[in-house]
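Heads up: the structure comes next, in structure tokens.
These numbers were taken from a predicted model, which means no experiment stands behind them. Here is the naming used below: chain letters follow the sequence lines, and residue numbers restart at 1 for every chain.
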Amino acid sequence: MTEHADIPPYRYTAGMARRIELAWQDRWEADGTFHTPNPVGRLSEGFDRVAGRPKLYVNDMFPYPSGAGLHVGHPLGFIGTDVFARYQRMNGHHVLHAMGFDAFGLPAEQYAVETGRHPRVTTEANIVNYRRQLRRLGLGHDPRRSVSTADVSYYRWTQWIFLQIFNSWFDSDTQRGRPIDELITELDAGFREPGEGTNPFGRPWAELSTVERREVVNNHRLAYVSEAPVNWCPGLGTVLANEEVTADGRSDRGNFPVYRRPLKQWKMRITAYADRLLADLERLDWSDSIKLMQRNWIGRSTGASIVFPTERGLGIEVFTTRPDTLFGATYMVLAPEHPLVDVLTAVAWPGDAAAAWTAGGPTPTEAVATYQKQASQRSEMDRQVEAKTKTGVFVGSYAVNPATNERIPVFIADYVLMGYGTGAIMAVPGQDQRDWDFAETFDLPIVRTVQPPIDFAAKAYIGEGPAIHSANDTLILDGMGVAEAKAAMIGWLERQGHGDGAVTYKLRDWLFSRQRYWGEPFPIVYGADGLPQPLPEQLLPVVLPDIEDFTPKTSDDENSEPEPPLGRITDWTTVRLDLGEGEQEYRRDLNTMPQWAGSCWYELRYLDPTNDQSLVDKDIERYWMGPDPARPGDTGGVDLYIGGVEHAVLHLLYARFWHKVLFDLGHVSSEEPFRRLFNQGYVLADAYVDSRGVYVEAAKVEPRDGRFFFGDEEVRREHGKMGKSLKNSVTPDEMYADYGADTLRLYEMFTGPMDQSRPWETKAVVGSMRLLQRIWRVVVDEHTGELRTVAAEVPDETLRVLHRTIAAVRDGMETLRFNIAIAKVTELTNHLTTAYADGGVPVAVAESLVLMLAPLAPHAAEELWAKLGHPESLTWEAFPVADPAYLVDDTIEIPVQVNGKVRATVVVASDADAAAMEAAALAEDRVAAYLDGGTVRKVIAVPGRLINFVVA
RNA sequence: GCCCCCGUAGCCCAACGGCAGAGGCAGGCCCCUUAAAAGGGCUCCAGUGUCGGUUCGAGUCCGACCGGGGGUACCA
């Protein structure tokens with residue numbers, strides 16, 4: 001951008017903005033303007049100055065430093081938190097705001113793989129670029145608190161937290177995580193026996209060997225190794241958590257196919273915390289939509305588990321949310337992979353097996369094997385597409401419905417999923433549409449056990465109604481409503497020993513190990529017994545070893561095996577240690593942690609980033625994040641957390657889980673990491689697709705006659721989230737060069753309220769620049785650089801406009817509707833440029849204007865503040881306060897309505913009461929004309945607002 | 001299919017249940033300029049997606065539907 005010779009020399013131009021911005025950024029850094037003192041510890045210098053202020057902790061979801069750098073969509077939230085933080089600092093708070101980097105994990109590593117450079121090299125280079133771009137934006141972060149999750153000094157504590165989790169168990173009696181040593185003590189003392197499902201040896205604790213005991217204890221831990229079906233993604237060479245697999249069975253990152261297969265992997269027992277994660281959502285100031293997404297993901301259902309006896313002796317356990325419908329269970333279905341399928345499969349078809357049930361197989365064994373093979377080969381996609389037609393096969397044997405004592409056939413079918421409930425269902429076609437569809441296909445009996453309304457025309461009836469066909473010798477449900485029948489049935493099942501009330505969750509334990517290089521190594525080794533052993537704290541950190549070939553072993557073969565890259569470093573995989581049983585050789589765990597590990601606790605590390613004795617000092621954590629005693633039930637946590645909605649069930653759920661464990665173990669005083677969450681919208685931009693359906697560089701597309709061309713080719717316009725994949729990115733660097741950071745900040749905050757997505761339109765940015773130019777001109781003469789303000793009394797009219805503006809701007813700032821704040825600043829500016837067209841704005845007004853601008857466009861505001869004669873930064877100046885005296889006028893014009901329609905306006909004293917308003921309105925000729933001939937039935941007079949005559 | 005959010009001027013967005021317009025972009029006219037525009041001023045532009053309800057009064061509250069965006073799904 002060139003500056004023409006005849007542009008006034010002191011005009012606010014892009015070049016001027018650049019000089020001002022760079023100078024103030026240097027000064028803020030040199031002065032430590034945004035250094036935020038802690039109450040104690042290494043960063044406590046200067047705390048006296050702010051000790052009396054209320055604290056405020058503002059945080060952004062930190063970015064992962066990608067190779068492409070930032071585009072203008074990324075900093076939307078960062079600017080929002082910065083404006084809010086700067087405002088609240090001027091409003092008297094002691095504000096903590098910092099920024100770090102989510103540097104470990106798949107995104108960073110995939111970039112390194114693509115470019116063939118070591119992830120540490122690319123990640124560090126990307127961080128340098130991000131720091132440059134973010135610094136140029138003028139964000140008021142405390143630079144001393146910046147962390148990167150891939151730094152040894154950081155991940156040492158990630159590993160430490162892992163050990164805490166590993167060395168804990170969940171006491172379901174108290175619903176709390178507790179140190180594992182307490183469990184061992186209680187087991188040794190005979191106060192308790194191993195928890196359900198934790199003791200595969202079938203003998204009491206006292207009779208177990210040392211190794212057996214260790215195994216039983218391991219089965220209690222919150223971090224544990226288990227062999228179970230997991231999400232194996234050969235295309236990424238690693239296993240993935242459920243949360244990282246999309247609904248169509250592909251990896252969230254990279255869109256590779258994911259297969260279920262049993263593998264020995266690390267998991268975290270997040271399911272133990274399911275009830276608390278669910279219940280505590282109520283105590284959080286989060287949007288309803290995010291809470292709902294977490295609730296759905298946790299997926300708590302209440303009902304009953306019921307055991308159906310079979311001919312083979314073993315019972316089939318099912319979970320149902322509708323135990324009241326047990327009388328209508330006319331068949332059973334197991335998932336094809338269910339472990340009981342082999343046992344239940346008969347060698348020959350029984351005489352009453354319908355032809356359709358056998359799928360044409362000569363024997364059940366063969367028919368079942370064929371179906372199992374088909375089911376395993378059908379991708380998740382196929383299963384969805386074909387979801388409407390039900391398939392399955394009879395296993396050739398029967399179970400018994402415990403309520404009716406009738407023999408019911410057992411099927412396998414892929415509409416029953418091994419991963420939910422027990423992997424088996426009782427099928428109740430009368431009250432479940434899927435079961436109805438299956439029953440129709442296989443000609444199975446359908447018994448309604450809830451009476452549908454008379455006009456009910458559909459098939460399965462899932463609504464409320466009285467129970468029917470539901471009685472036996474010891475139980476009569478008929479006539480009861482659904483809830484009553486459920487309770488009665490559960491009571492009966494428990495008395496008869498057929499089942500119990502039960503709760504299940506969709507949430508599974510968190511698969512925590514990855515067979516990738518770029519992550520935190522596990523602080524775990526294996527001895528001769530093959531059981532995992534934690535390294536003692538003093539041996540932390542386990543440094544990620546350097547490696548030439550960091551690329552994951554990827555494949556498109558579903559049957560390939562995970563091969564962690566760390567296994568290639570042969571001199572690292574084993575280590576000689578003395579872990580209390582003499583020096584021995586141990587094998588290291590070769591997995592790394594998932595990308596989410598580092599982001600599970602970074603908000604804690606910002607508080608005390610240099611602490612090498614603990615992850616965070618307890619007093620410092622309590623100061624910034626502790627629960628507020630003035631608010632009953634407060635969880636504590638970050639006061640305002642802003643980020644995208646895409647982390648609703650990943651980061652936000654994992655981080656809550658870790659935080660709760662740390663709380664249970666007494667390391668933090670807050671029960672939740674993020675007290676208030678706000679989701680920002682996305683920046684959208686036009687994108688263009690050519691005839692092949694490929695996105696073309698949006699910047700090179702030209703509009704002609706309402707159509708769009710890429711070179712000579714016509715392309716189709718679309719609209720989407722700004723980013724690399726749609727080739728429609730605009731970088732902040734372009735904006736800094738053409739307009740300056742302040743203009744970019746203003747524009748981004750002006751396009752809409754924080755929570756809304758908004759389209760990017762580069763040509764509209766100039767509007768924000770014009771505002772800065774006009775404000776500049778209020779204070780500075782463009783030709784001489786001299787001040788245009790005068791030390792004069794402020795006229796009443798100007799005071800009224802000013803104080804109204806202050807009130808509205810404060811409201812906009814506090815409610816994160818910065819667009820309104822900017823509009824009001826614009827309004828004041830427009831008033832000043834009109835009322836003082838030749839200059840001479842009173843200094844007091846100009847100063848208030850500059851201070852109100854400061855959170856939004858801090859560099860320009862600092863420069864103007866300095867020109868107005870203030871040597872100190874305005875960062876700590878008080879934000880203007882509206883004087884209520886100027887918010888009301890002596891007289892106001894109010895509308896006069898007749899039957900709700902505005903017919904006239906009258907001027908009354910602003911404090912006029914209802915009677916005075918009515919009198920004034922009646923004195924108005926036009927009002928009288930409208931009232932003439934009718935009877936006034938009612939008068940609604942809202943003082944200060946309007947008056948309305950209801951005429952018959 | 002179910003759940004959540006959003007529909008106001010050509011576009012982005014405002015409006016404690018009380019006169020639909022705060023602000024910006026684009027458009028038009030004028031000024032400044034040799035010229036240009038990212039300078040200045042003025043100006044045009046909607047009755048709030050549709051239908052119904054509550055109310056003295058509805059963009060706002062309630063119900064149904066339509067459209068856009070997001071989430072989720074054989075979840076037993």
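The structure places CG of A:Asn401 at 4.5 Å from CG of A:Leu326, a figure rounded to the nearest 0.5 Å. Separation of atoms CD1 (A:Ile290) and CG (A:Leu652) is listed at 6.5 Å; rounding is to 0.5 Å. Atoms CE and OG1, from A:Met735 and A:Thr743 in turn, are 10.5 Å apart once rounded to the nearest 0.5 Å.
B:C30 and B:C11 have their C1' atoms separated by 25 Å, with the value rounded to a whole Å. Comparing the P positions of B:A14 and B:A22 gives a spacing of 15 Å, expressed to the nearest Å. Atom C1' of B:A26 sits at a distance of 11 Å from the matching atom of B:C12, rounded to the whole Å. Nucleotides B:U60 and B:G69 place their C1' atoms 22 Å apart, quoted to the nearest Å. Separation of the C1' atoms belonging to B:A20 and B:A58 is 12 Å when rounded to the nearest angstrom. Comparing the C1' positions of B:C61 and B:C16 gives a spacing of 14 Å, expressed to the nearest Å. Between the C1' atoms of B:C45 and B:G40, the separation comes to 23 Å (whole Å). Comparing B:G49 with B:G59, their C1' atoms sit 12 Å apart, to the nearest whole Å.
The residue among A:Asp435 and A:Thr751 whose nearest nucleotide of RNA chain B is located toward the 5' end is A:Thr751. Each of A:Ile820 and A:Tyr505 was matched to the nucleotide of RNA chain B holding its nearest heavy atom; the match closer to the 5' end belongs to A:Ile820.
To the nearest angstrom, P of B:G23 lies 17 Å from CZ of A:Arg817. Between the CG atom of A:Leu746 and the C1' atom of B:C13 there is a distance of 16 Å, rounded to whole Å. One atom, CG of A:Leu856, and another, P of B:G23, lie 17 Å apart when rounded to the nearest Å. Look at CZ on A:Arg434: it is 14 Å from P on B:A73, rounded to the nearest Å. One atom, CD of A:Gln431, and another, C1' of B:C75, lie 18 Å apart when rounded to the nearest Å. In this structure, A:Leu684 places its CG atom 14 Å from C1' of B:C13, rounding to the nearest Å. Rounded to whole angstrom, the span from the OH atom of A:Tyr420 across to the C1' atom of B:U72 amounts to 14 Å. As rounded to whole Å, 8 Å separates atom P of B:A15 from atom CG of A:Asn819.
Within 4.0 Å of A:Ser757, counting heavy atoms only, lie sugar-phosphate atoms of the nucleic acid but no base atom. Within 4.0 Å of A:Ala823, counting heavy atoms only, lies at least one base atom of the nucleic acid.
Of all nucleotides present, only B:C31 satisfies the Watson-Crick or G-U wobble test against B:G39, with each distance under 3.5 Å. In a base pair of the Watson-Crick type (N1 to N3 plus N6-O4 or O6-N4) or a G-U wobble (N1-O2 and O6-N3), with each distance short of 3.5 Å, B:U72 is matched with B:G1. With a cut-off of 3.5 Å on both pairing distances, the Watson-Crick or G-U wobble partner of B:G7 is B:C66.
Judged by distance alone, the side chains of A:Arg817 and A:Thr815 do bring a donor and an acceptor atom under 3.5 Å apart. With hydrogens and angles left out, the side-chain atoms of A:Asn728 and A:Asp686 include no donor and acceptor closer than 3.5 Å.
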Protein-nucleotides 1-11 of chain B N/O pairs closer than 3.5 Å?
none

Could you run down the sub-3.5 Å N/O contacts of the protein with nucleotides 40-44 of chain B?
from  : atom 1 : to       : atom 2 : distance (Å)
B:G40 : OP1    : A:Arg777 : NH1    : 3.3

Give every pair of a protein N or O atom and an N or O atom of nucleotides 16-18 of chain B that lie under 3.5 Å apart, one pair per line with the distance.
from  : atom 1 : to       : atom 2 : distance (Å)
B:C16 : N4     : A:Arg945 : NE     : 3.4
B:G18 : N2     : A:Gln897 : OE1    : 2.9
B:G18 : N2     : A:Asn948 : ND2    : 3.3

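Salt bridge A:Glu440/A:Lys459: present, at least one basic N to carboxylate O contact under 4.0 Å.
Residues forming a side chain to side chain donor-acceptor pair (under 3.5 Å) with A:Asn948 (at least two apart in sequence, or on another chain): none.
Within the 4.0 Å cut-off from OP1 or OP2 of B:A73, at least one side-chain nitrogen or oxygen of A:Lys506 is found. Residue A:Ser301 places at least one side-chain N or O closer than 4.0 Å to OP1 or OP2 of B:A76.
A 4.5 Å side-chain heavy-atom check between A:Leu856 and A:Arg745 finds every atom pair outside the cut-off. Under the 4.5 Å side-chain criterion, counting only non-hydrogen atoms from C-beta, A:Leu76 is not in contact with A:Tyr682.
Picking from B:C56, B:C13, B:C74 the nucleotide with the shortest atom distance to the side chain of A:Val950 gives B:C56. Considering only side-chain atoms of A:Glu827, the nucleotide from B:A22, B:C25, B:C74 that sits closest is B:A22.
In B:G47 the base sits syn relative to the sugar, since the glycosidic angle is no further than 90° from 0.
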Identify all side-chain donor-acceptor contacts of residues 761-773 of chain A below 3.5 Å with residues at least two apart in sequence or on another chain.
from     : atom 1 : to       : atom 2 : distance (Å)
A:Thr762 : OG1    : A:Trp760 : NE1    : 2.7
A:Ser768 : OG     : A:Tyr747 : N      : 3.4
A:Gln773 : NE2    : A:Tyr12  : O      : 3.0

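Surrounding CZ of A:Arg18 are at most 12 heavy atoms belonging to other residues, nucleotides or ligands under 6.0 Å away.
Applying the salt bridge (charged side-chain N to carboxylate O under 4.0 Å, His left out) definition to pairs two or more places apart or across chains, those involving residues 415-432 of chain A are A:Asp432-A:Arg434.
Taking the ring centre of A:Phe438 as origin, the terminal cationic atom of A:Lys390 falls outside the region bounded by 6.0 Å and 45° from the ring axis.
Of all the heavy atoms in A:Tyr371 and A:Thr391, the pair that sits closest is OH-OG1, 2.7 Å.
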